[in-house]
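Quick note: numbers below take in every heavy atom, side chains included, and nothing from hydrogens, waters or symmetry partners.
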Amino acid sequence: MEPEIHISGEHQVTTNPALTGILGRCPRCQRGRLFKGYLKLARSCDVCGLDFGFADPADGPAFFAMSIVAVPSLAFALWFQFTFEPPIWMHLFVTVPITVIACVLILRPLKGWLVCSQFFHKAEEGSIDTAWHASEKQRRARQ
């Protein structure tokens with residue numbers, strides 16, 4: 001399934017940042033690679049040259065990965081415990097590795113999705129609009 005695209009100049013900007021990010025492609029041209037390693041973002045797209053300096057997913061992918069994996073992992077741990085009644089230490093060799101592996105497997109697609117969404121929605125660092133606050137203060141004082 002290919003992401004939907006629209007042409008902007010000579011680039012095919014994505015209209016589906018989720019799919020483009022999950023595939024690990026550049027959000028502007030959809031041909032270049034988003035990642036340099038498994039989780040390390042490339043500095044720029046190797047096809048269109050888009051600088052990925054805008055991307056700052058921070059801890060978002062890890063938070064979402066842990067949140068998504070937590071419930072199925074807990075369900076598995078409870079099933080494992082009540083079905084086989086293993087000693088607690090056995091969970092260190094079965095449940096913990098399954099949980100960690102599941103989190104690591106979904107980290108890359110989630111990170112790609114967040115980075116492509118930042119590009120798509122033109123997200124940038126928040127700032128306080130001091131001019132607006134000053135005008136609101138004056139407006140309230142007049143009332």
Side-chain angles (χ1 to χ4, degrees), residues 1-140:
M1 180 185 206
E2 287 296 314
E4 296 176 28
I5 54 176
H6 69 272
I7 302 198
S8 171
E10 55 188 70
H11 303 292
Q12 299 175 341
V13 179
T14 186
T15 59
N16 189 344
L19 184 57
T20 303
I22 288 169
L23 294 173
R25 294 186 183 157
C26 170
R28 184 164 71 181
C29 72
Q30 298 185 64
R31 293 176 295 183
R33 295 182 183 186
L34 191 58
F35 295 98
K36 183 177 182 180
Y38 183 69
L39 287 175
K40 184 171 175 63
L41 285 175
R43 288 185 183 266
S44 61
C45 176
D46 53 352
V47 175
C48 71
L50 174 65
D51 181 13
F52 296 139
F54 68 87
D56 184 22
D59 293 334
F63 171 78
F64 288 121
M66 290 185 295
S67 297
I68 291 167
V69 170
V71 172
S73 180
L74 178 61
F76 172 78
L78 290 171
W79 171 82
F80 185 59
Q81 183 64 37
F82 291 126
T83 303
F84 300 107
E85 297 181 9
I88 292 297
W89 61 266
M90 188 67 119
H91 285 283
L92 290 173
F93 295 105
V94 179
T95 308
V96 172
I98 288 173
T99 304
V100 170
I101 289 168
C103 283
V104 170
L105 286 175
I106 65 172
L107 267 176
R108 181 181 168 126
L110 287 171
K111 188 171 186 174
W113 181 0
L114 288 175
V115 169
C116 286
S117 292
Q118 285 177 334
F119 177 82
F120 182 77
H121 295 291
K122 297 171 182 57
E124 56 186 46
E125 187 174 340
S127 63
I128 297 174
D129 189 349
T130 55
W132 180 86
H133 285 285
S135 68
E136 275 296 301
K137 190 174 181 180
Q138 289 174 356
R139 187 185 66 79
R140 287 184 187 151

How many angstroms lie between atom CG of L78 and atom CD of Q81, to the nearest 0.5 angstrom? 8.5 Å
What distance do R139 atom CZ and E136 atom CD have between them, rounded to the nearest 0.5 Å? 4.0 Å
F119: which residues meet the ring pair (Phe, Tyr, Trp, His ring centres under 6.0 Å) condition with it, sequence neighbours left out? F54
Answer whether the closest heavy-atom distance between the side chains of P57 and L110 falls below 4.5 Å. no
What are the two closest heavy atoms between L41 and A55, and how far apart are they? CD1-CB, 3.8 Å
Exercise: identify the closest heavy-atom pair between L114 and G60: CD1-C, 3.8 Å
Short side-chain to backbone donor-acceptor contact, Q118 and D56, under 3.5 Å: yes
Using atom types as modelled and distance alone, determine if a side-chain donor or acceptor of Q30 lies under 3.5 Å from a backbone N or O of Q12. yes
Is there side-chain contact between F52 and C26, with at least one heavy-atom pair below 4.5 Å? yes
Heavy-atom distance under 4.5 Å between the side chains of L34 and C116, does that happen here? yes
Return the CG to CZ distance between N16 and F120, rounded to the nearest 0.5 Å. 8.5 Å
Gap between atom CZ of F80 and atom CD1 of I98 - 0.5 Å precision: 8.0 Å
Under the 3.5 angstrom rule, does the side chain of K111 hit a backbone N or O of L39 as a donor-acceptor pair? yes
Determine whether a donor-acceptor pair (N or O, by modelled atom type, separation under 3.5 Å) exists between the side chain of R108 and the backbone of G37. yes
Side chains of L50 and C29, heavy atoms from C-beta outward: is any pair under 4.5 Å? no
Inspect the surroundings of CZ in F64 and state if more than 12 heavy atoms from other residues, nucleotides or ligands are less than 6.0 Å away. no
Would you say the side-chain atoms of R28 pair up with the backbone N or O of C48, donor to acceptor, closer than 3.5 Å? yes
With distance as the sole test, does Y38 use its side chain to make a donor-acceptor pair with the main-chain N or O of L107 at under 3.5 Å? no
The test is side chain to side chain contact (heavy atoms under 4.5 Å, CB included); show your working for S73 and T95 and say whether it passes. CA-CA 7 Å; S73 180; T95 308; 4.2 Å; yes
In terms of the angle between their ring planes, are W89 and F93 parallel, tilted or perpendicular, with boundaries placed at 30° and 60°? perpendicular
How long is the straight-line distance from CH2 of W113 back to OG1 of T20, given to the nearest 0.5 Å? 12.0 Å
Provide the closest heavy-atom pair for H91 versus A77 in the form atom of the first, atom of the second, distance. CE1-O, 3.4 Å
Residues T99, M66; criterion side chain to side chain contact (heavy atoms under 4.5 Å, CB included); working and verdict: CA-CA 9 Å; T99 304; M66 290 185 295; over 6 Å; no
For D51, is the CG atom crowded, meaning more than 12 foreign heavy atoms sit under 6.0 Å from it? yes
P17 and T14: which non-hydrogen atoms are nearest, and at how many Å? N-OG1, 3.9 Å
